[in-house]
Amino acid sequence: MEWLKTHRNDAILIAALMLLGGALAVFLYATRQDGGYVSVQMDGQTVMELPLSEDTQVLLGEDGHTNTLVIRNGTAQVVEADCPDQICVRQGAVQYEGESIVCLPHKLVVSVEGGQGSGIDANTG
Amino acid sequence: MKASKVAQYGLITALALVLSYLESLLPPLGVPGVKLGLPNLAIVFALYRLNWKDACIISLMRVVLVTLLFGNGAALAYSVAGAALSLSLMGLLKRTGKFSSVGVSVAGGVAHNAGQILVAMALLETSRLAWYLPVLWISGTVAGVLIGVVSGVLVERVPDKK
């Protein structure tokens, strides 16, 4: 390809970046584990921890700043929010340790934590 | 400042603003933060047609204006971080003289996404966002190639009247 000859450095840079990104993705994917519970942080403070093994629904935040978090079948999902971008809602469900749902406008982080509570019946749902 | 420079600043900043708006109209691409980076067309163009300092000023004006027009205050920190890291890296790579606009723009795309995530991690005091890194890393590379190719053509074809 003509382009490769004239843009050798560009091609090397692109290939290197792709490999690095791919390696990072493979590493994170290979080391993923089902989570035991979700930790809810608002404004940097942990406000609650909910086991993924118990189906539940909670309303987080106050008027004008709310997110509805639903836990079902071992997954956590924000089903409704009144933030402008709706990114947290569109993201769908999370279930693996280290995954998180973030609502930047509301400074909300829902992250899946491992270990504790992830006994045998945590994954049966 | 010369009048021609003021006009050039205004033109390219306006173009970057229009591209920002255009991009906000596009349907979301699945993962938050994955985007084409259309405004970067104008920034890379400015980097090549004008110089690094001019590109920084135009980028800063774009970020501030976009925040005032469509954004919220919280997003400003992420935008500034992304733009700053992106421009620093693009300036460095361009200075080496070893890369074309494609390589420069690819580095800019990846740096932009990485900068935003790092600031989000710092502001939200969580390392959990690391999950986004590989996704945004690769999407930034792909978007950077597209933007780099197009801006390379633009720099070549748009007449330069001094």
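These numbers were taken from a predicted model, which means no experiment stands behind them. So that the names make sense, note that chain A is the first sequence line, chain B the second, and so on, each numbered from 1.
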Test side chain to side chain contact (heavy atoms under 4.5 Å, CB included) applied to Val106(B) and Asp10(A), step by step: CA-CA 9 Å; Val106(B) 164; Asp10(A) 293 331; over 6 Å; no

Are Tyr78(B) and Leu89(B) connected in a single hydrophobic cluster, I mean Ile/Leu/Val/Met/Phe/Trp/Tyr linked by side-chain heavy atoms less than 4.5 Å apart? no

Val110(A) reachable from Val70(A) in the ILVMFWY side-chain graph, under 4.5 Å edges: no

Please tell me whether Leu85(B) and Val44(B) are part of a single hydrophobic cluster in this structure, the criterion being side-chain heavy atoms less than 4.5 Å apart. no

May I ask you to check whether over 12 heavy atoms, not counting those of Glu80(A), lie within 6.0 Å of atom CD? no

Val158(B) reachable from Leu47(B) in the ILVMFWY side-chain graph, under 4.5 Å edges: yes

About how many Å separate CD1 of Ile12(A) and NZ of Lys98(B), when rounded to the nearest 0.5 Å? 11.5 Å

Treat each ILVMFWY residue as a node, draw an edge where side-chain heavy atoms are under 4.5 Å apart, and state whether Ile101(A) and Tyr96(A) are in one component. no

Using only atom types and a distance under 3.5 Å, with no angle test, would you say the side chain of Trp137(B) pairs donor to acceptor with the backbone of Leu20(A)? no

Within the structure provided, determine whether Leu13(A) and Leu93(B) are in side-chain contact (heavy-atom separation under 4.5 Å). yes

Check whether Ser100(B) gets within reach of chain A through its side chain, its backbone, both or neither, counting any heavy atom under 4.5 Å. both

Looking only at non-hydrogen atoms, find the nearest pair between Val142(B) and Met18(A) and report the distance. CG2-CE, 4.0 Å

Does a side-chain heavy-atom distance below 4.5 Å link Ile138(B) with Leu24(A)? no

